[in-house]
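Counting convention: from 1, in listed order, for ligands and their atoms alike. Numbers here are sequence positions counted from 1.
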Amino acid sequence: MRHSRILGIGHYVPPRVLTNHDLEALMDTSDEWIRQRTGIEERRVVEPGVPTSELAFQAAQNALAHAQVEAKDVDLIVVATLSPDYYFPGVGVLLQDRLGAREIPALDIRQQCSGFVYGLSIADQYIRTGTYERVLVVGAEVQSAGLDYTTRGRDLAVIFGDGAAAVVLGPSEEPGVISVHLHSQGKYFDMLWLEKPGSQSAPTITAHDLEEGRHFPHMEGQTVFKHATRRFAEAIHEVLSHNGTKVEDIDLFFFHQANLRIIDAISKMIGIPPEKSFNNLQRYGNTTAASIPLCMSEAVEQGRLQRGQLVCPVAFGSGFTWGSALIRW
Ligand code: COA
């Protein structure tokens, strides 16, 4: 039986730090409010004009080096992002070119905060079926270019940060990716969304839309919070029961880094002790598709995540989309 496993991982965050105190100078907010409601202390932001593909490239190079795989040996690129360089074409093809990869397929996927778990599933399926040998999965975001750093946009501007992380998967006799479980519920598409530009109107964006700030993301925070808590818990129960595993069997949980309050609430609900989850949103905020692999990559660097351990990534995000996985590292 052919399985897939993660051969290597890497990340890249831009050097510029934007603290809660820096935000206080831009909008009516406070370090205390942000810490209490979200747990975030600072986030990284690019210098203006640095695109998502650049962060994706840096993270991909680090992951390839860690996996000891050369770019020319990659068979498929999957990029998860909600902040592509262009409306089209996607970041995947830009990355194919930057890496100097062969003329291989390059996908962009649009599952926001669940993007990495969806990407992992795609890579796993292509490898299991024997179609491809080496798949690069990247989560990369430049959120800062599209946020409203005024009091009007403060609910989202304080949460999101820029960053990228990548993994390289390859075939294995023993299961690395053991199972992946994915869900969506489009009914709530406009609870966390970016309305404009979009093909539901012609032209796709107007001067009036810009005045109204429709080109900035919008979130119904409390509704998202409520659904996130419920779906995170369901996704963990699903992956554990599917595999006949218990919380005690898992070495580390990797929650999508949305909000420390959500992570704490679910951990209490399910009985996950604090030492079994790795969080870094205090320093990076919510980096959407990059958040889970960014945690995993730092956990590897710090020696917290080691070969042979059993880990559970779990995500929820805009769409709504959510999912979980069980991985033997
Ligand atoms: N600084 C200061 N005040 C802020 C603020 C900010 N950055 N953002 C919002 N507020 C204000 C609101 O305007 C509101 O003021 P009002 O009571 O005068 O109307 C007040 O704070 C409370 O807002 P509310 O939205 O009820 O706060 P909350 O406790 O729900 O926390 C979030 C807001 C965004 C932190 C929270 O809803 C959340 O984390 N939601 C889920 C977000 C998430 O996980 N998103 C990603 C999913 S992948």
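Using 4.0 Å as the threshold, M219 has a heavy atom nearer than that to some atom of ligand 1. In this structure, T38 counts as a contact residue of ligand 1, since one of its heavy atoms falls inside 4.0 Å of the ligand.
Taking E133 as the reference, R2 meet the salt bridge (charged side-chain N to carboxylate O under 4.0 Å, His left out) condition, with sequence neighbours excluded. In terms of the salt bridge (charged side-chain N to carboxylate O under 4.0 Å, His left out) criterion, R5 has no residue partners (sequence neighbours excluded).
Distances from atom 13 (O) of ligand 1 to the heavy atoms of H256, R154, R261, E220 show the closest one on R154. When N259, L156, V224, I262 are checked for heavy-atom proximity to atom 47 (C) of ligand 1, V224 turns out nearest. Nearest-residue assignment for atom 41 (C) of ligand 1 (options A315, G221, C113; heavy-atom criterion): G221.
Residues R43 and G285 approach most closely at CB-N, 4.3 Å, considering heavy atoms. Of all heavy-atom pairs spanning A325 and L120, the tightest one is CB-CD2, 4.1 Å.
Within a 4.0 Å radius of atom 32 (C) of ligand 1, the protein contributes no heavy atom. Not a single protein heavy atom sits closer than 4.0 Å to atom 17 (O) of ligand 1.
At a heavy-atom cutoff of 4.0 Å, ligand 1 is contacted by no atom of I34, backbone or side chain. Contacts between W33 and ligand 1, counted as non-hydrogen atom pairs separated by less than 4.0 Å, involve the side chain only.
Of all atoms in ligand 1, listed by their number and element, those nearer than 4.0 Å to a heavy atom of V158 are 7 (N).
The number of heavy-atom neighbours closer than 6.0 Å to CD of Q200, taken from other residues, nucleotides and ligands shown, is above 12. Summarising the local packing, CZ of R110 is surrounded by 12 or fewer heavy atoms from other residues, nucleotides or ligands at distances under 6.0 Å.
At the shortest separation from atom 26 (O) of ligand 1 among protein heavy atoms lies Q222 NE2, 2.5 Å. Here the protein heavy atom with the shortest distance to atom 46 (C) of ligand 1 is N286 ND2, 3.7 Å. Looking only at protein heavy atoms, the nearest one to atom 28 (P) of ligand 1 is R37 NH1, 3.4 Å.
Between the side chains of E195 and H215, no donor-acceptor pair of N or O atoms lies under 3.5 Å. E298 and N280 form a side-chain donor-acceptor contact under 3.5 Å, judged by distance and modelled atom types alone. For the 3.5 Å distance criterion, the side chains of N20 and E42 fail to qualify, holding no donor opposite an acceptor.
Taking only nitrogen or oxygen atoms, main chain and side chain alike, S30 does not reach within less than 3.5 Å of ligand 1. Between T29 and ligand 1, a contact under 3.5 Å exists for at least one N or O pair.
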